[in-house]
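Okay, so here's the structure we're looking at.
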Amino acid sequence: MKRHHEHHIIHTSEWEQSRIMQWLDKRTGLIHLKREALYEPIPGGARWAYIFGSGLLYILFSQIVTGVFLAMYYVASADHAHTTIEYITKQVTAGSFIRSLHSYGSSAMVVTLVLHMAQTYFFGSYKGRREILWLSGLILFAMIIGMAFTGYLLPWDQKAFFATAVGTNIAGEVPLIGDWLKSLMRGGTEMGTLTLSRFFVAHVFLIPACIFGFVGAHVFLFRKAGSAGPIDEDPIDPKKPTEQFYPKQVIMDIVFATILIGTLGLLSYFSPVELGPKASPADTQFLPRPEWYYLPIFQWLKYWSGQSAVIGIVIIPGIIAALLVALPFIDRRPERRPWKRPIASFSFAIILCGLIFLGWQSGHEDSTDPSVAKQLAKQEQETEKFMKATFEPETMGPPLLIAAPLSPDAAKGKKLFADNSCDGCHGDNGQGTENGPKLIGVSLKFDHDEMLKVLRNPTKKMRDGNMDPVELGDDDMNLLMAYLNSLK
Amino acid sequence: MIEERTDIEMLETKPEQTVAIRTDDHDGHRDPSRRSFLRWFLGIGSVSVAGVLSVPLIRFALDPLMRTTTQTDWSDLGPASDFAEVNVPQKRTISITQMDGWRKVVMEKSIYVVKGNDGVLSVFTATCPHLGCSVKWVDTNNQFKCPCHNGAFSPEGKLISGPPPRDLDTLESRLVDGHLQIRYQSFRQLVKTKEVLA
Ligand code: FES
């Protein structure tokens, strides 16, 4: 009788029956949407292996929220970036915590991303009409790596500056377009405030916009294809009994999210992220070390220098990337069990182990080379010292006051300027206020005679703006004009 | 009621889905009280986690409201004896520091030190209470004059004529070891009574 009414397999709560929800549902389809979200069938039932995707969504959400809040205080300019981060870290209530949450969040993102990808790979979940789903995942992977890279520069401390200098230099090794690419990223040949602006724009506007789009597509495509289920399931036409996403998988996902929140929160609270001294490009001693998840690549690049660099930087990573892209197109057998797919499983395992080994080796080399270890320890100490120092605000002096010393006449003129309350409207140093225009540069607009004329007889417009005629003797007038002429 | 019926219909009409329902049954979710307990548990749990997490965010965003931006320090104007000999109001420029987020902004402000008939020093800001131009002391008239709209004030700062709504604003002052010190403040313009601006 109700065969066509799919919804009826689902429990309907009193809440959904309530008039307000019915009213809302008729206009928005909210209940339908909720069912779509919660009652997704999972062939073979809920599993802990499936938690990583929604874990990533959670971290993404946390990154967006903390990122937006950090932007309330952050200024993306080489002059101020470091001070504003220092202000956030040392002065703003909960600032250190929120910055740490954002920073550790990026690590959590990378780890969870690798786990999510490994699970998809080993479970063969990319199979069965899931090529585009897999590709959108790869693009998201690249974007998250891009987010980590661009975000790392923003605090503009020594570590950030030099790690990015190295990172952009690597981009410069790309054949043919290398130099152009490097200048594009840096906004010039050298690292500077334009680099920071570009990285900021990429980090908060460009890449996030793309991430939103691709996450939407990824989730949509996943729902379209359906959950692939366990490794012995047919990826196109699942046979196993299904279980709905809600409640068991939801609970597992929430447990994982809670562990993530808890870990990030505790880390941020008890071991907040540090900030090093402000970047000083002239420092030749500084040993750049990237964030831990970049260490394997950092180490890898040590093996490729000069002519062969192209192989290490472009060709080998290019082949791996191309293989990953091609994977669902090449590997079309429905077989999903990892042990029946030895080539695929081994190559992934080798790359993963290789990366872990390279990462370990990088740390090992640093700790065994005494001169390197010493320099790194020194850098660590400088960071500690900087973290202990009290926050020093940037001081903005009265403009021009300390600048150009005035000629004796101009100095007398300045006194007349103040005594006649010209400063009341035009500012202490002729910089202008809301009551009067600035006088800096007036001498370029009027020659001596014109100036004398408008001072003695202000134009109608000037008088409407409350400019009174200046009633001074000729000598004093000349002194005043000497001062006005000095305002450039 | 509703739940029971739908479950039964399901068993009758959708044989391939029965397993799904069985799974649910197995977990005991058919029992309405357990079901709604689970829902409440998840709901309250998520809301409270979100609540706890939003505390630092809110505190972070509200931080500027808990800070004082104007300096409340005293500025030193030098030995009071400097002002004792002269009978006309003396103009001085002081630097005051304001915290503007992560910046410290130093601004120059003009003030007048006036010796009263009883020899007591009082201090006025040079900012006109009308629209904020700087008033000047005009010896020949024995008046403070505002150049903008011709407001005039007596040597004691009393309003004589013109559009300003009140007398010149006095500043808090004190003597420490013979030094005259003042606390600079800004006041709202265009109102009859003196109101401090934060
Ligand atoms: S601002 Fe002083 S009279 Fe108007």
Side-chain angles (χ1 to χ4, degrees), chain A residues 1-3 8-14 17 41 45 62 65-66 69 72-73 75 80 83-84 86-88 91-95 97-98 101 241-244 247-248 250-251 254 258 261 265 391 393-398 401 418-425 428-429 433-436 466 468, chain B residues 2-3 6-7 9-10 12-14 17 19-24 27 29 35-36 38-39 42 45-46 49 53 55-64 66-67 91 93 95 97 99-108 110 126-128 131-137 145-150:
Chain A
M1 188 178 79
K2 295 230 171 161
R3 178 176 289 269
H8 280 262
I9 60 167
I10 284 143
H11 171 82
T12 317
S13 69
E14 275 170 49
Q17 296 278 305
S62 163
V65 173
T66 48
F69 274 73
M72 280 184 207
Y73 296 96
V75 175
H80 309 309
T83 315
T84 55
E86 189 189 359
Y87 182 68
I88 291 173
Q91 296 285 107
V92 182
T93 330
F97 179 72
I98 288 179
L101 219 50
T242 62
E243 182 184 11
Q244 285 156 359
K248 229 176 145 185
V250 170
I251 293 175
I254 288 182
T258 312
I261 302 170
F391 173 73
E394 275 180 21
T395 309
M396 309 276 147
L401 193 68
D419 289 347
N420 287 281
S421 287
C422 307
D423 58 345
C425 297
D428 307 329
N429 296 291
T433 69
E434 61 214 50
N435 296 317
N466 294 316
D468 283 342
Chain B
I2 299 153
E3 287 146 24
T6 45
D7 278 4
E9 271 173 19
M10 258 304 310
E12 288 168 356
T13 55
K14 285 222 157 187
Q17 290 283 356
V19 190
I21 299 301
R22 287 261 165 78
T23 326
D24 274 5
D27 290 347
H29 294 125
R35 249 190 178 214
S36 65
L38 180 71
R39 188 172 305 135
L42 288 180
S46 318
V49 169
L53 287 184
V55 170
L57 288 172
I58 292 170
R59 291 185 1 121
F60 182 80
L62 295 187
D63 179 82
M66 296 180 267
R67 282 174 192 280
K91 187 172 179 177
T93 319
S95 300
T97 314
M99 285 307 297
D100 176 20
W102 42 271
R103 318 187 303 160
K104 200 193 246 171
V105 184
V106 182
M107 286 185 301
E108 304 245 288
S110 298
T127 311
C128 178
L131 286 172
C133 295
S134 292
V135 297
K136 60 179 169 184
W137 173 251
K145 280 265 190 190
C146 180
C148 288
H149 317 96
N150 283 324

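Just so we're clear, the structure is a prediction, and the values are computed from it rather than from any experiment.
For chain B, the option among A:A418, A:A94, A:P393 with the highest count of heavy-atom pairs below 4.5 Å is A:P393. For the set B:V49, B:N150, B:V135, B:D63, the count of heavy-atom pairs under 4.5 angstrom toward chain A peaks at B:D63. Counting heavy-atom pairs closer than 4.5 Å to chain A, the top-ranked of the candidates B:S110, B:C146, B:A61 is B:A61.
Between B:C128 and B:C133, a gap of 2.5 Å or greater is found separating the two SG atoms.
In this structure, no portion of A:L101 lies under 4.5 Å from any heavy atom of chain B. Only the side chain of A:F97 comes within less than 4.5 Å of a heavy atom of chain B; its backbone N, CA, C and O stay farther away. When heavy atoms are compared at a cutoff of 4.5 Å, B:V55 does not approach chain A at all. With a 4.5 Å cut-off on non-hydrogen atoms, B:L57 touches chain A through its backbone and its side chain both. For a residue to count as touching a neighbouring chain, one of its non-hydrogen atoms must lie under 4.5 Å from one of that chain's; by this rule A:Y73 touches chain B with backbone and side chain alike.
Put simply, OG1 on A:T84 and CD on A:E394 are 8.5 Å apart, with the number rounded to the nearest 0.5 Å. Separation of atoms CD1 (A:I88) and CZ (B:F60) is listed at 5.0 Å; rounding is to 0.5 Å.
The two residues A:D423 and B:S134 come nearest to each other via the heavy atoms OD1-CB, 4.4 Å. Between B:P56 and A:I98 the shortest heavy-atom distance is O-CD1, 3.6 Å.
No salt bridge links B:K104 with B:D100; every basic N to acidic carboxylate O contact stays at or beyond 4.0 Å.
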